[in-house]
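Down below is the structure, laid out as structure tokens.
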Amino acid sequence: MPGLSTLFAKEVADHFRSKRIIILLAMVWLSGLSAVYIAAQSIREAAAGTEFVFLKIFTASSGALPPFVAFVGFFAPLLGLALGFDAINREQSSGTLGLVLSQPIFRDTVIIGKFLAGLAVIVLMLVSIVLIVSGLGLWFFAVPPSLEEALRIVAYLALTIVYTGFWMALALLFSIFFRRITTSALAGIAVWMFFFFFMSMIAGLVADNLAPVEEQSVESVLRHERLQQAISRISPVTLYNEATITILQPRVRTLGPVLVREVVRMVPSPLPLSQSLIIVWPHLVTIIGLTLVCFAISYVRFMRQEIRAP
Amino acid sequence: MGGQPVIEAEGLTKVYDGFTAVDHLNLRVERGEIFGFLGPNGAGKTTTILMLLGLTEPTSGVARICGYDATREPLKVKRITGYLPENLGFYEELTATENLRYIARLNGIPDEPARGKIQELLSVVGLSEVADHKVETFSRGMKQRLGIAGVLIKEPELIILDEPTAGLDPEGANAILDLIVNLSTEQQMSVLLSSHLLHQVQRICQRVGILSRGRLVAEGAVEQLGREALSAGKLKVEVEVAEATCALIQAVEQIEGVSQVERDDNTLVITCERDVRQQISTAIVRSGGSLVQMKLYGYGLEEIYLRYFQEEAG
């Protein structure tokens, strides 16, 4: 595809020059590192010597600060939105889209180049922060992670990259559908807030109405719980959170409601990585699917869009 | 290549949501020609240009640039065509040189030959001194000149300029127009200049096409268009004499080719079928009068233009 590498390089350079990305990067690093530092302090006293201690620096929290994964879960959507919300409409309003499209390149080169460049920035940022945190872990515990821990960290990283990619694809979609930059930014924030804060409440309300909990009825409680979970799984935020917990806490055996009589029969040992991955596989595939749907709609719309409004 | 036209459009039509922006347009621009594309705002000039470049798909009809179908082979068309859009934008946070380098790379020109070419072009358009300044500090005229440099970097066979002087002061506009004329004559480049500013088009274009509501209502050299539009193929000569006597007027009326003589004090307006200025002056001298001045009415585009749009309104 002629011009793709040129466009890709330009976009990546633009992202790293852009102040909002640098500010966001600084925020992720600062909050992530302080969370890990505080977590490490408390782990050293309490949990030294237990299994999967290395993974705990990602998930443990001392109470003063949320754990590292919570910070990443909070900032990843913002990063994705920041990378994409003005990708197309800014170039449209400044006239540079016309400049680029009148050069001998195909139109889809522009949108593919922008998507890949955003993805590259996401990979670079997340890999760097996770590597630094792992380095800190080594320094604190002087124990290298086991192979399984290392693989779980890689899986967590891949999951987070895909998740951030979804938010970027959504932002890209808005930047094509809305001509004004402020509108596309607000639309992105609105979707994020909806999923992040309101989805669980709405899932609860819907489940209360459709499957009310009856007294003395285990069946009704189970039905209610399952429905609530199914509804909240519409949200990629829920999918990501469930998958993160399963990957980083090997003791998580199931994500649905569990009865006490079932717990009694469970073997209280951590799951092997392959079993954890089987649990999160549907989550991962769904997030990838959502990303592709967003990108496909953006692509079609962008290819059909008239360069100027009639 | 020889006789192949640079631009050839046949029955080009574009319909947006039931509104016909361009209606069965036929257009031919020859190599090395500066063609003026005239019309009021909203006449369909920009839409036509976008179709010529393959940036918008025509509803029906074909556009060919140097023989390449703009819809089927847009990349080939865009490689040999430089386009300066109406609302031209550059990356404001990059310098003039960086912007041009990016355009060069998108055209597949390696950095090394591009470097010299960029310096050369910046000096052609008079921006050498600000080559490493960010574009956000540029005035509109400077951006427009940078735009022309950006168009030229791919060494195009055809350049299409959409309202290149819009928003510029007269001095800036003239500088751009002179640049265009020089390029066309020195490098044998064909130019399609779209504008609604008549005097500018008249100054530099050999041939013009007038577009109105998506239709090409007139096409040809400015002179020829004027004759057709204003006096049904006739010429007008204005003659001022020292004293307009009846004998003198009769003498003029008897010249072959003169169809009408109007008198206004000592000024005669003579309508004739061809250029008979020589015979007129001889007739005046023979009948004892003395000629003060004689003027062949030029056909200003303004008049031609008004005539076309009056007809349409009426």
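Note on naming: letters A, B, ... go to the chains in the order of the sequence lines (proteins, then strands), and numbering restarts at 1 for each one.
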I'd like to verify something: which residue of Gly89(B), Gly82(B), Pro85(B) has the highest number of heavy-atom pairs under 4.5 Å with chain A? Gly89(B)
I'd like to verify something: which residue of Leu55(B), Thr81(B), Ile80(B), Leu88(B) has the highest number of heavy-atom pairs under 4.5 Å with chain A? Leu55(B)
By number, which residues in residues 92-110 of chain B have some heavy atom less than 4.5 Å away from chain A?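 From residues 92-110 of chain B, the residues near chain A are Glu93(B), Leu94(B), Tyr102(B), Ile103(B), Arg105(B), Leu106(B), Asn107(B).
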Counting a contact as any heavy-atom pair under 4.5 Å apart, which residues of residues 136-154 of chain B contact chain A? Lys154(B)
Work out which heavy atom in Leu99(A) is nearest to a heavy atom in Phe90(B); give both atom names and the distance. CD2-CD2, 4.0 Å
Set out, in order, the CA-CA distance, both residues' side-chain angles and the distance that settles side chain to side chain donor-acceptor pair (under 3.5 Å) for Tyr91(B) and Glu91(A), then state yes or no. CA-CA 9 Å; Tyr91(B) 293 99; Glu91(A) 297 224 25; 2.7 Å; yes
Using heavy-atom distances under 4.5 Å, tell me whether Leu7(A) contacts chain B through its side chain, its backbone, both, or neither.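 Both parts, backbone and side chain.
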Side chain, backbone, both or neither: which part of Ser94(A) has an atom under 4.5 Å from a heavy atom of chain B? backbone
More than 12 foreign heavy atoms under 6.0 Å from [atom1] of [X]: is that the case here?
X         : atom1 : value
Glu57(B)  : CD    : no
Arg180(A) : CZ    : no
Arg72(B)  : CZ    : no

Listing, residues 188-199 of chain A side-chain donor-acceptor contacts under 3.5 Å, not counting sequence neighbours, or none:
none

Side chains of residues 30-37 of chain A: which donor-acceptor pairs under 3.5 Å do they make with residues two or more places apart or in other chains?
unit_1: Ser31(A); atom_1: OG; unit_2: Met27(A); atom_2: O; d: 2.7
unit_1: Ser31(A); atom_1: OG; unit_2: Val28(A); atom_2: O; d: 3.2
unit_1: Ser34(A); atom_1: OG; unit_2: Leu30(A); atom_2: O; d: 2.6
unit_1: Ser34(A); atom_1: OG; unit_2: Ser31(A); atom_2: O; d: 3.1
unit_1: Tyr37(A); atom_1: OH; unit_2: Gln41(A); atom_2: NE2; d: 3.2

Can you tell me how far the OG atom of Ser102(A) sits from the CG atom of Asp162(B), to the nearest 0.5 Å?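 Reported value, rounded in 0.5 Å steps: 11.5 Å.
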Counting only N and O atoms by type, is there a donor-acceptor contact under 3.5 Å from the side chain of Lys78(B) to the main-chain atoms of Leu101(A)?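 At least one qualifying donor-acceptor pair exists.
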